[in-house]
Protein chains: 2
Amino acid sequence: METIERKPRSRENARSGIIGTAKAIARREGWQAVSIRKIADAIEYSAPIVYEYFDSKDVLLDEIRSEGFRHLHQEYERIVKLYRDPEKRLYEISLVQWDFARQQPEIYQVMYNLNGAYCTIPVCESDAMQAVGDTVRQTIFSFIPKSKESIQKLYFEWWATSHGMISLAMLLKDEQHVEQSEQVYRDTMRRFVRGLR
Amino acid sequence: METIERKPRSRENARSGIIGTAKAIARREGWQAVSIRKIADAIEYSAPIVYEYFDSKDVLLDEIRSEGFRHLHQEYERIVKLYRDPEKRLYEISLVQWDFARQQPEIYQVMYNLNGAYCTIPVCESDAMQAVGDTVRQTIFSFIPKSKESIQKLYFEWWATSHGMISLAMLLKDEQHVEQSEQVYRDTMRRFVRGLR
DNA sequence: AAATTTTCTCTAACACAGTTAGCATAATTG
DNA sequence: CAATTATGCTAACTGTGTTAGAGAAAATTT
């Protein structure tokens with residue numbers, strides 16, 4: 001993913017090379033260390049070339065963020081198709097969220113402007129994020145048919161609980177053991193889902 | 001807090017001037033806009049002077065962060081002294097946390113490396129943060145005398161729930177109405193406290 | 001009072017950041 | 001072959017954190 005040959009490369013190829021390099025640097029050195037010049041060096045181009053693919057660093061980060069939300073959305077839809085029991089669905093969705101944040105922390109960080117990642121473009125306006133929200137709201141609605149406002153409140157609660165634990169576990173990863181955090185997360189999310197009926 | 005006269009100023013005076021200016025800029029333009037030169041301009045000094053008071057920007061941010069945790073700790077202690085009922089205590093502490101994040105979002109952001117604020121120094125090692133944790137753990141212990149591990153787990157849960165809602169409400173402040181978020185927060189925290197007994 | 005030292009503050013510079021303008025070369029088209 | 005388009009570069013601008021070293025002013029000593 002790092003040292004890409006320069007010779008045979010189409011436009012889409014270069015674009016994904018930029019994204020991949022940005023993610024690789026962020027994973028290795030943190031988002032603060034991600035610079036246009038460093039990306040350009042890695043893909044063996046000069047800095048201005050990057051601007052042929054992304055209008056600004058902000059737009060690049062936004063693209064990576066949207067990619068993250070789209071990936072998450074796909075995973076959620078997979079879960080929805082896999083299980084029929086609404087409770088099982090929501091619980092498994094919760095686990096997917098945890099695993100995603102564990103396996104690709106740099107993506108999770110840019111999605112929520114965490115730990116030095118900073119994208120000016122408001123995340124609320126992202127269609128991908130809306131789509132994720134819709135899937136979860138539908139799942140909640142599927143076993144608790146309530147008013148739109150009530151569903152929104154429950155979704156907000158679920159989201160906050162999950163995101164709170166994930167971002168806190170990231171913050172304390174040196175002090176608190178991952179296994180324990182994960183156990184608490186599982187228990188809490190299971191309890192949350194149970195509490196819905 | 002912005003245009004400070006230069007004439008009569010002691011060392012402590014200048015130090016707090018730097019901190020105050022940094023906070024003011026962060027509040028007005030976000031943490032990403034906080035630069036050493038801008039701070040120096042505001043206090044009518046040249047940039048290197050700032051380094052006489054703080055070894056680096058990182059240290060400056062860490063100081064502001066610790067200040068935030070110390071302030072929060074004081075508020076928590078005030079609540080503990082004010083109420084005898086443990087449930088009331090924890091609930092009021094939760095509300096203090098919300099109000100703090102509402103009234104001084106820039107401080108809350110630097111405390112958790114949110115929204116462009118980025119301090120390299122690990123927050124876990126902060127004594128002030130530990131002190132805050134101790135107070136909350138004690139409060140939880142005061143009406144649920146369990147093992148250290150259980151208390152730690154409950155504290156983690158409480159913290160995650162509170163922090164999750166606060167940071168999410170910050171993220172969605174344009175979409176979701178503050179009043180509704182606050183209502184959900186109050187309900188959730190009350191339910192959490194109730195659920196402890 | 002003169003000389004010396006210490007204190008205070010500044011300018012200049014370095015490497016790096018995001019970003020843009022303009023030029024050179026290569027590929028394609030007529 | 002000539003003209004045009006595409007491609008990628010260098011150089012530059014402003015702004016960032018940070019450091020070195022110069023210079024003035026104040027305090028101290030002789």
Side-chain angles (χ1 to χ4, degrees), chain A residues 3-19 21-26 28-65 106 110 113 115-121, chain B residues 4-19 21-26 28-65 110 113 115-121:
Chain A
T3 52
I4 294 163
E5 293 306 319
R6 183 158 178 192
K7 276 289 173 58
R9 180 159 44 179
S10 64
R11 201 178 156 77
E12 208 49 43
N13 209 332
R15 209 186 127 89
S16 60
I18 292 171
I19 293 181
T21 305
K23 291 199 277 191
I25 298 173
R28 195 163 8 93
E29 310 170 52
W31 280 105
Q32 225 201 4
V34 175
S35 79
I36 302 290
R37 278 182 180 85
K38 222 182 278 185
I39 294 172
D41 281 357
I43 63 172
E44 293 187 299
Y45 270 123
S46 65
I49 292 298
V50 177
Y51 287 88
E52 304 235 336
Y53 296 90
F54 300 95
D55 283 347
S56 67
K57 192 183 177 183
D58 236 37
V59 171
L60 169 59
L61 295 189
D62 187 51
E63 177 58 41
I64 296 176
R65 188 163 68 181
E106 71 281 358
V110 82
N113 275 356
N115 273 93
Y118 187 55
C119 177
T120 304
I121 303 165
Chain B
I4 294 164
E5 293 304 322
R6 184 157 178 192
K7 275 289 176 57
R9 179 157 47 178
S10 65
R11 203 178 155 75
E12 207 50 40
N13 210 333
R15 209 184 127 88
S16 60
I18 292 171
I19 293 181
T21 304
K23 291 198 277 191
I25 297 173
R28 194 165 4 98
E29 310 171 50
W31 280 105
Q32 225 201 3
V34 175
S35 79
I36 301 291
R37 278 181 179 86
K38 223 183 277 187
I39 294 172
D41 280 358
I43 63 172
E44 293 188 298
Y45 269 121
S46 65
I49 291 297
V50 176
Y51 287 88
E52 303 236 337
Y53 296 90
F54 300 95
D55 284 347
S56 67
K57 192 183 178 182
D58 236 37
V59 171
L60 169 59
L61 295 188
D62 188 50
E63 177 59 40
I64 296 176
R65 187 164 68 181
V110 82
N113 274 357
N115 271 95
Y118 187 54
C119 178
T120 303
I121 302 166

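A, B, ... follow the sequence lines: proteins, then strands. Residue 1 opens every chain. Predicted model, so just to flag it, every value in this text is computed and none were measured.
- To the nearest 0.5 Å, atoms CD1 (Ile25(A)) and CG (Asp41(A)) are separated by 9.0 Å.
- The nearest whole Å value for the distance from the CG atom in Asp41(A) to the P atom in dA17(C) is 9 Å.
- The shortest non-hydrogen separation linking Tyr53(B) to Ala14(B) is OH-CB, 3.4 Å.
- Listed here is the closest heavy atom pair of Thr21(A) and Ile43(A): OG1-CG2, 3.4 Å.
- Taking atom CG on Asp55(A) and atom C1' on dT20(C), their separation rounds to 13 Å, with Å as the unit.
- Scanning all heavy atoms of the two residues, the minimum distance from Ile39(B) to Ile18(B) falls at CG2-CG2, 3.9 Å.
- If you take CD1 of Ile18(A) and C1' of dG8(D), they are 13 Å apart, rounded to a whole angstrom.
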Output a table of nitrogen or oxygen pairs between the protein and nucleotides 10-14 of chain D separated by less than 3.5 Å.
from, atom 1, to, atom 2, distance (Å)
dA12(D), N6, Arg37(A), NH2, 3.2

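- The side chain of Lys57(B) lies closest to dG17(D) when the candidates are dG8(D), dT19(C), dG17(D).
- Between the C1' atom of dC8(C) and the CD1 atom of Ile43(B) lies a distance of 14 Å, rounded to the nearest Å.
- Each end of the helix from dA1(C)-dT30(D) to dG30(C)-dC1(D) gets its own axis from five base pairs, and the two axes differ in direction by 30°, given to 10 degrees.
- If you measure from atom CD of Gln32(A) to atom P of dT16(D), you get 15 Å, rounded to the nearest angstrom.
- We find that OH of Tyr45(B) is positioned 7 Å from P of dC10(C), with the value rounded to whole Å.
- Distance check, rounded to the nearest 0.5 Å: CD1 of Ile121(A) to CD of Glu63(A) gives 10.0 Å.
- Comparing Glu52(B) and Ser35(A) against DNA chain C, the residue whose closest nucleotide sits nearer the 5' end is Glu52(B).
- Here dT18(D) presents its C1' atom at 14 Å from CG of Leu60(B), a figure rounded to the nearest Å.
- Scored by the side chain to side chain donor-acceptor pair (under 3.5 Å) test, Thr120(B) finds Asp58(B) as partners (sequence neighbours excluded).
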Side-chain atoms of residues 29-37 of chain B: list all donor-acceptor pairs with protein atoms under 3.5 Å, sequence neighbours left out, distances to 0.1 Å.
from, atom 1, to, atom 2, distance (Å)
Glu29(B), OE1, Lys38(B), NZ, 3.4
Trp31(B), NE1, Glu106(B), O, 2.7
Ser35(B), OG, Lys38(B), N, 3.1

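- At dG17(D), none of the side-chain N or O atoms of Tyr51(B) fall inside 4.0 Å of OP1 or OP2 (strictly under the cut-off).
- In this structure, Asn113(A) and Arg65(A) approach most closely via the heavy-atom pair OD1-NH1, 4.2 Å.
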Give every pair of a protein N or O atom and an N or O atom of nucleotides 24-27 of chain C that lie under 3.5 Å apart, one pair per line with the distance.
none

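- Here the nucleotide nearest the side chain of Ile49(B), chosen from dG18(C), dA17(C), dC10(C), is dC10(C).
- Take Lys57(A) and apply the salt bridge (charged side-chain N to carboxylate O under 4.0 Å, His left out) test, not counting sequence neighbours, and it matches no residue.
- When rounded to the nearest whole Å, the span between CZ of Phe54(B) and P of dG17(D) equals 14 Å.
- Looking at Phe54(A) and Ile19(A), their side chains come closer than 4.5 Å, going by heavy atoms from C-beta outward.
- Backbone-only contact: Val34(A) has heavy atoms under 4.0 Å from sugar-phosphate atoms and none from a base.
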